[in-house]
Amino acid sequence: MKRVSLLALTLAAGLSPASLSPLLANEDVAKRIANPAEQVLQTVDYANTRYSKLDQINANNVKNLQVAWSFSTGVLRGHEGSPLVVGNIMYVHTPFPNLVYALDLDQGGKIVWKYEPKQDPSVIPVMCCDTVYRGLAYADGAIILHQADTTLVSLDAKTGKVNWSVKNGDSKIGETNTATVLPVKDKIIVGISGAEYGIRGHITAYDAKTGKRVWRGYSVGPDDEMLVDPEKTTSLGKPIGKDSSLKTWEGDQWKTGGGATWGWYSYDPKLNLVYYGTANPSTWNPKQRPGDNKWTMAIFARDPDTGMTRWIYQMTPHDEWDYDGINEMILTDQKFDGKERPLLTHFDRNGFAYTLDRGTGELLVAEKFDPVVNWATKVDLKTGRPQVVAKYSTDQNGEDVNTKGICPAALGTKDQQPAAFSPKTQLFYVPTNHVCMDYEPFRVTYTPGQPYVGATLSMYPAPGSHGGMGNFIAWDNIQGKIKWSNPEQFSVWSGALATAGDVVFYGTLEGYLKAVDSKTGKELYKFKTASGIIGNVMTYEHKGKQHIAVLSGVGGWAGIGLAAGLTDPNAGLGAVGGYAALSSYTNLGGQLTVFALPN
């Protein structure tokens, strides 16, 4: 593709010319991102905005949406992520066993091919918080699947034939996968799950054509294994220094230190940096791992060519509450203090929404995006450290002590369910959890392949509030303020989608697809699907007609009681009791529902 043609596609997509470069972005992916009729990444675009320029469905007519067609996946349990659409083919994935379907949109969703991995079911009990999978990616004529057992597979998009496959981890020690991947240039960027089993988190780049490993960077440990430079890698503008991670762990604890990388990945082609977050340290008992436990709970900016880290920022040093830092990094170019800056906005599990300069890692804003957050009073913008409230410190209160009333709960003010950004309103639309917890840490011994948690939790709706367990909010990342907030009975575990039609879509755990006005939050439409929605709403255009699609299938951490048939209130790491009422509103399922306006 010529430079001018990619530039034209960039402008057509409403992006700044600097946001894509033919020398840096994968040209096939960039071309298709620029065409809003298709969706080739789970994140919609490299910036993870989850924004579509399609506007045929708008705030005036969305009330007329009808079900156009549906498809059963043949699998139960939690259906996260969304379908992809490439040309006239829709690609649909499932939770374990990670089936992949190619459906012909020209023939009413006819199955063109089906890929069925052969995985050892022993991986199921090793997966934390349900057998979910956050979806496929497309690049250069291939569909990329990362299976639960960590097998990374490249499939021919036309035939479903395996191009190559490679193992990214070892489920026998607790390494599994629930996340999607990100194609960047000639590489596939891949993470790993398993911090609850004491794995050491890593991010890996594979050659997109051959599957050969190019580099791997660990979240914790020695500098050379983390791919950090003590002098050139910075944190809040200062060099991290030699052994920055090792100095914050006791002895060899970093070897079972957690820091999994199971969240979302973003990419800035201009800066040539990949952004992602690392998860909780292991174990959940903070008394067993004194120190800041770097670099768990952190935002990383890495060069995708070499894996070298440009900058890191740790959000929750010495995490005492299981506040994973894996949530998406949304990249925008906005004015801050009157000056145009490249920004990164991150809604962390810990209840703070962070705005940083994505070029330097400078912390600009850190504010609570749910008023009930109480474990810390604020974040010091100079040091980046949260000001922890002693009453809610599970470390200060000690082992075998039940610290009560901590807000948010371990599943966070927002878990992996991705937010969306509209360049029209300059607002972020955030699915949130309005949930608090009691947390009792206890001593635990590491055994490879066995849970390495060390805490008992119970969860419940935030006291003294609207009585529900969720809100869907609009957030101003410059002011650090909520613009509007819609209460929900249960956590909003579905990813948001913002559109040029001034409509924002999301799903609810009871099973409703909802559409709200992007400016006011007014509910414009809702339809109850066959099962609870924890999937991400997507949109595409086929034969000149815009469609909305979403996967239903209750599960995930919030729905683990239903998904796995658990009844002990403390099971599911504390979620089963908190969401017990969900069984009165929905049931297990596995269905794709597609909506369109009437002809």
Side-chain angles (χ1 to χ4, degrees), residues 65-67 69-83 92-96 127 129-135 178 409 411 414-418 431-435 459-461 466-472 486-497 505-516 523 525-538 548-569 571-595:
L65 275 187
Q66 297 177 350
V67 174
W69 59 283
S70 60
F71 175 78
S72 172
T73 67
V75 178
L76 300 179
R77 300 192 70 155
H79 282 59
E80 291 183 348
S82 74
V92 179
H93 69 280
T94 76
F96 186 93
M127 300 181 75
C129 322
D130 204 8
T131 58
V132 297
Y133 176 49
R134 287 173 208 102
T178 55
L411 42 67
K414 189 179 87 62
D415 198 52
Q416 61 74 35
Q417 58 271 40
T432 73
N433 312 311
H434 193 57
V435 184
M459 302 184 191
Y460 41 83
H466 61 73
M469 302 178 74
N471 295 284
F472 188 76
N486 293 347
E488 288 286 350
Q489 182 169 359
F490 295 102
S491 294
V492 185
W493 213 263
S494 156
L497 174 74
F505 294 91
Y506 67 98
T508 74
L509 276 172
E510 306 101 297
Y512 285 104
L513 171 73
K514 291 191 174 185
V516 299
E523 187 175 295
Y525 174 82
K526 71 175 183 178
F527 177 91
K528 193 167 188 183
T529 64
S531 183
I533 298 175
I534 63 169
N536 303 333
V537 187
M538 63 88 68
I548 302 293
V550 68
L551 288 166
S552 297
V554 73
W557 195 354
I560 187 64
L562 270 174
L566 304 176
T567 56
D568 178 355
L573 301 173
V576 172
Y579 293 84
L582 189 57
S583 62
S584 298
Y585 293 86
T586 191
N587 208 343
L588 295 181
Q591 179 174 304
L592 170 74
T593 310
V594 181
F595 301 80

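What you see is a predicted model; the values in this text were computed from it and never measured. Only heavy atoms go into these numbers, but all of them, side chains included; no hydrogens, no water, no symmetry mates.
Between Trp493 and Gln416, some side-chain heavy-atom pair lies under the 4.5 Å cut-off. Inter-residue side-chain proximity for Thr593 and Leu513 is flagged as unmet; no heavy-atom pair is nearer than 4.5 Å. Arg77 has its side chain within reach of Asp130: a pair of non-hydrogen atoms, C-beta onward, lies under 4.5 Å apart. Put simply, the side chain of Leu509 reaches to within 4.5 Å of the side chain of Tyr579, judged on heavy atoms. Under the 4.5 Å side-chain criterion, counting only non-hydrogen atoms from C-beta, Tyr525 is in contact with Phe595. Annotation: side chain of Val594 is not in contact with side chain of Met538 (no heavy-atom distance under 4.5 Å). Between Asn471 and Pro487, some side-chain heavy-atom pair lies under the 4.5 Å cut-off.
Using modelled atom types, no side-chain atom of Ser494 and backbone atom of Thr508 make a donor-acceptor pair closer than 3.5 Å. Remark: side-chain polar atoms of Glu80 are not paired, donor with acceptor, to backbone N or O of Gly556 under 3.5 angstrom. A donor-acceptor contact shorter than 3.5 Å links the side chain of Arg134 to the backbone of Thr178.
Taken from CG in Leu588 to CG in Leu562, the straight-line distance is 6.0 Å, to the nearest 0.5 Å. The distance from the OG atom of Ser82 to the NE2 atom of His93 is 7.0 Å, given to the nearest 0.5 Å. Rounding to the nearest 0.5 Å gives a distance of 10.0 Å between CZ of Phe527 and CD of Gln66. If you take CG on Leu582 and CD1 on Ile560, they are separated by 12.0 Å, rounding to the nearest 0.5 Å. Rounded to the nearest 0.5 angstrom, Phe71 CZ and Leu551 CG are separated by 10.0 Å. Rounding to the nearest 0.5 angstrom, the gap separating the NZ atom in Lys514 from the CD1 atom in Ile533 is 10.5 Å.
Between the side chains of Tyr506 and Glu488, at least one donor N or O lies within less than 3.5 Å of an accepting N or O. For Asn433 and Ser491, the side-chain atoms include at least one donor-acceptor pair closer than 3.5 Å.
In terms of heavy-atom proximity, His79 sits nearest to Ile534 at O-CG1, 3.4 Å. Shortest non-hydrogen contact noted between Val554 and Thr586 is CG2-CG2, 4.1 Å. A pairwise comparison of heavy atoms in Tyr133 and Thr94 identifies CB-O, 3.9 Å as the closest pair. When all heavy atoms of Glu523 and Val516 are compared, the pair lying nearest together is CA-CG1, 3.9 Å. Taking each heavy atom of Ala530 and Ser552 in turn, the nearest pair found is N-OG, 4.4 Å. The shortest heavy-atom contact between Ser531 and Gly589 is OG-N, 3.5 Å.
Under the rule for a side chain to side chain contact (heavy atoms under 4.5 Å, CB included), the partners of Tyr585 that lie at least two apart in sequence or sit in another chain are Gln489, Phe490, Glu510.
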